[in-house]
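Data first, discussion second: the structure below is written as structure tokens.
Letters go in sequence order (proteins before strands), and every chain restarts at 1.
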Amino acid sequence: MNANLSRIVIKMIWVQLRQSFRALGREPGFTAFAILTLALGIGASTAMFSVFHAVLLAPVPFADPQRVVAINTRWTDTGRVTIRVSGGDYIDLVQAHDIFDAVGRFHGGEVGVQLRDRAEWADSYWVSPDFFRVFEAAPLAGRMFTAAEAERSVVVSPSFARRALSGVDKAIGQIVHIDTHPYEVVGVMPEGFAFPAKAEIWAASPQMPDNRNRTAFNYQAVARLIAGVTPAQATTRLETLGVQLAKAYPAENKAKLFAAIPVRDNVVRKVRSTVVLLMAAVLLVLLISCANVAHLLLARAATRTREFAVRAALGAGGARIVAQMLMESLALGLAGGIAGIAAAYGGVRAVQWLAPENLPRMGDVRVDWTVLAFGIAVSVLSSVLFGLAPASQALRNDVQDGLRASSGRGVVGGRSARLRNTLVACEIALSFALAVGAGLLVRSFVELNAAPLGFRTENILVTYAHSPANTMPKMLASTRFFEQALGEIEHLPGVKSASAAMGLPAGRYGSNGYYGIDGLNVQREAGFRLASPRYFDTMGIPLLRGRDFTVADQYDQPFVAIVSDSLAKKSFPNQDPIGHKIICGLDSDKWMTIVGVVGEVRSDGPGQAPGPELYMPFQQHPIMANELQIAVRTTSAPEAMTNAVERKIRSLNPEIALKTTTLSAMISDSIATPRFRTFLVAVFAGVALLLAMAGVYGVMAYLVTQRTAELGLRMALGSAPSRVVALVLARAGTLAATGLAGGIALAAAGSHLIESMLFGVQATDAFGYAIAACAIALITIAAAAIPAWRAARIDPAVALRQD
Amino acid sequence: MIQVRGLTKTISTGTHRVEILRGIDLDIPKGQVAAILGPSGSGKTTLLGLLAGLDSPTSGSILLDGEEIAGLPEDRMAELRGRKIGFVFQSYHLIPTLTAEENVLLPYELTGGGPDGASRARELLASVGLAERGEHYPVQLSGGEQQRVALARAFITRPPILFADEPTGNLDSENGSRILDLLFDMNRRGGSTLVLVTHDQELALRADRRITLRDGRVVADEP
Ligand SMILES: Nc1ncnc2c1ncn2[C@@H]1O[C@H](COP(=O)(O)OP(=O)(O)O)[C@@H](O)[C@H]1O
Ligand SMILES: [Mg+2]
């Protein structure tokens with residue numbers, strides 16, 4: 001196209017757009033409603049897209065992000081996948097020089113760190129020397145550690161440097177202690193480097209792992225692929241390696257394979273389905289708002305038949321009329337888009353505020369250029385989408401018919417009416433499907449909240465406490481310290497009882513593995529937990545048989561254990577488990593005598609069924625017991641006791657890192673993701689229903705306006721107003737029924753999207769469908785009520801006057 | 001029997017008050033054919049609307065067979081219209097989405113008529129010469145044909161009183177006189193009262209009585 005021609009075209013578009021805006025300005029009610037509807041759809045989908053983009057699409061902030069992979073272990077027999085690798089396997093994986101430029105390893109988590117004057121919890125990871133090479137990361141200050149510095153040096157995040165080391169500049173050369181072991185700070189990472197998420201300390205660990213067995217999955221591995229190698233190719237290569245290892249180590253590596261997963265996919269794998277669901281839900285809302293505007297425009301076009309006919313009679317070609325219609329919808333779409341994008345800024349804030357803390361990459365969510373481009377693209381696309389129908393309608397108009405439009409023989413407008421009805425039926429179907437989803441999620445969330453946990457949650461303060469210890473005498477001293485601390489806390493005013501555990505329900509720590517009984521080689525899996533005396537009492541977990549742990553159950557005394565009811569029933573059917581022996585690989589190979597049986601507990605939060613648990617006295621397992629959760633039962637609001645409890649512990653030992661919450665907050669956090677998605681889907685469903693209601697209202701109101709003459713005539717011929725109301729409601733009912741039929745099919749087809757997110761309710765649950773159907777019935781009646789009422793008030797004398 | 005006493009109708013439109021009917025007294029006995037004449041704007045349509053209970057008067061009373069209809073609630077009014085009154089409009093007012101036969105049937109269905117409706121509708125269509133056009137939609141019919149369907153519709157409930165407001169006003173004279181022939185013929189066979197508005201003096205001569213309105217008053221009432 002030459003420059004001159006394009007200038008003419010642009011000018012024409014501009015003139016058309018300006019005329020369109022002016023035309024819209026003359027109908028402020030219609031325009032405001034259409035823009036509001038569009039802004040809702042575009043705003044919600046743009047906000048949600050910013051989440052979708054930041055969490056699922058945006059590249060990880062590393063050099064050549066597509067080359068950074070995580071290595072997973074997968075069992076071909078059970079299909080189980082873990083993001084971890086064993087030390088033994090890692091040593092073999094590192095050798096795959098033909099696909100990897102660099103391979104790194106890390107393990108760790110939140111630990112107590114001792115600073116000069118206090119102790120703190122910090123996310124700390126022990127990483128192999130090549131870890132940073134995988135990301136091609138360079139320090140902001142100082143340097144990275146070398147292979148020779150294992151267990152001597154750390155690199156820290158700038159936020160940790162500021163918080164704990166008086167600034168990035170002063171950090172280098174300072175010493176921090178982790179479990180009493182000193183590390184020198186040699187470098188500070190740049191601000192944006194957040195791998196693993198929230199990491200504050202990276203400590204140097206040896207090139208090869210200490211634990212080299214092939215059945216303990218203690219490490220996570222990351223690698224940089226050689227340029228040109230895809231994750232899929234790498235996985236194929238790793239599978240070959242896995243087959244070789246299976247031959248070499250048939251006992252441990254049978255049915256075990258490895259896969260290279262893009263590191264982003266690995267980080268977000270748990271929230272992917274939630275984000276996809278929310279995006280799908282919000283796109284439905286967008287579709288509904290487009291349908292709404294489309295049928296509004298159709299109705300408007302139908303009332304303008306005469307105008308188009310006159311324009312055509314005056315020589316406007318079909319293309320010109322279509323162009324005019326499309327320009328009008330584009331003008332609407334742009335106005336709606338601008339309002340929507342503005343709303344998206346607020347929407348993003350709201351979603352960030354609502355999102356659970358553990359939703360990865362949420363911090364990166366923002367309205368950036370990509371999101372803006374999405375918003376604009378959506379606006380233009382939806383303009384075309386909702387503008388097409390009325391435009392084609394305008395094109396189809398017969399000039400003669402149009403000019404005769406208000407003469408007695410009139411145009412029936414059948415096609416346009418059918419199209420509008422179809423659009424509104426679609427709106428109902430879409431909003432029904434959303435409402436079913438929301439209904440199911442809400443029901444599931446209610447079930448989740450109602451699930452019997454097996455312990456009390458009210459009035460329990462939980463303090464995570466880390467006592468630094470790295471030798472057996474120090475660890476034993478730690479257990480004595482905790483014993484003393486519990487005794488003193490119990491005497492604080494406002495405390496009913498104090499206890500401690502490793503592996504509190506819904507908590508961050510826990511361990512599990514196989515156990516054996518009575519010298520038999522029956523191996524079953526159970527959760528391993530440490531507990532202090534009075535733990536069960538404090539938590540309200542019923543002691544079903546035998547006795548609780550006591551202060552007499554010390555390290556040098558016979559080892560004892562308490563088992564949960566389901567473990568007892570599984571391993572000792574029709575027997576009294578008390579007095580039997582049990583063993584597990586937590587930290588020692590001593591046989592323990594079962595002294596008690598306690599009730600079932602949902603250890604992994606309300607969403608997980610209770611399973612077999614093996615409780616051991618923390619004094620007999622000092623290696624695992626320097627990091628405990630102190631559970632304090634209070635007489636009133638537990639939060640108020642935070643300071644008193646922390647101060648008491650610090651007064652006994654200032655080196656203890658402390659962090660306090662409540663058990664009910666922990667339970668609430670454990671269902672934060674379902675709460676988040678349930679809330680958002682419910683909001684989207686609510687918006688969808690409102691839009692559908694507006695749609696039904698629009699169609700019914702238009703119907704009544706269009707048929708005023710006919711309805712008046714019916715009344716003149718003897719129809720009672722109540723029959724006219726029934727007529728209008730019946731039309732709305734037919735519309736709703738058509739929509740419902742489509743909605744049921746749609747909901748059934750989409751049920752697999754939420755199947756895995758449901759708890760205690762089937763995706764086909766009649767309740768969800770019934771609730772949604774009620775919602776549709778309600779909005780239909782509400783939407784049809786005013787037009788119906790108006791129809792009933794039509795003056796039958798109009799039949800005399802209309803010609 | 002229609003008895004009208006002191007009937008007035010005043011309409012206020014914002015600042016204006018229009019006195020359309022200024023006190024009408026009339027008695028139309030059962031079975032009579034009365035023509036209402038008068039220049040355009042004299043209040044003929046308004047009077048007819050009031051008599052048929054489509055509109056309510058400002059003051060005065062209207063008794064249909066001794067039953068007061070002024071001020072009846074709309075539901076009762078509609079029921080009464082369905083039971084007692086037939087109407088033929090100047091511009092036919094067929095429902096475009098219904099076939100001719102369905103249009104004829106409409107009042108029958110609205111008043112919950114019996115099962116013989118369809119056959120009676122076909123009979124009536126035949127009697128207006130449209131036996132073959134029952135399945136046709138209004139757009140497929142000429143003006144005269146549409147008005148004949150409207151006639152059939154007016155008679156389907158065998159109304160004791162029939163009103164017609166310039167039933168031939170939109171038709172040429174040939175079609176117009178055919179409609180009137182049918183109207184008088186059907187009325188005579190049904191023995192109903194017929195009140196007919198027209199400004200065609202010639203046609204009016206065929207009625208039993210001519211009532212002339214001017215400026216909302218009866219200025220002449222002659223047999
Ligand atoms: N709803 C109304 N508002 C204002 N004026 C009206 C209304 N209905 C009728 N009129 C006026 O009342 C007068 C009589 O009308 P109408 O009964 O239709 O006369 P006709 O049928 O004799 O031509 C006319 O001047 C008309 O303009
Ligand atoms: Mg008139």
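Side-chain atoms of B:Gln90 and B:Asn170 form a donor-acceptor pair, as typed in the model, at a separation below 3.5 Å. Between the side chains of B:Tyr137 and B:Asn103, no donor-acceptor pair is found at a separation under 3.5 Å. A side-chain donor from one of B:Thr8 and B:Ser59 sits under 3.5 Å from a side-chain acceptor of the other.
Looking at B:Thr46, both its backbone and its side chain come within 4.5 Å of chain A, counting heavy atoms on both sides. Interface remark: A:Arg707 contributes no atoms to any contact with chain B (heavy atom separation under 4.5 Å). Of the two parts of B:Arg153, only the side chain, counted from C-beta on, holds a non-hydrogen atom closer than 4.5 Å to a non-hydrogen atom of chain A.
Heavy-atom neighbours of B:Arg158 CZ from other residues, nucleotides or ligands within 6.0 Å: at or below the threshold of 12.
With respect to chain A, the highest number of heavy-atom pairs below 4.5 Å among B:Leu54, B:Leu80, B:Leu106, B:Thr45 belongs to B:Leu54.
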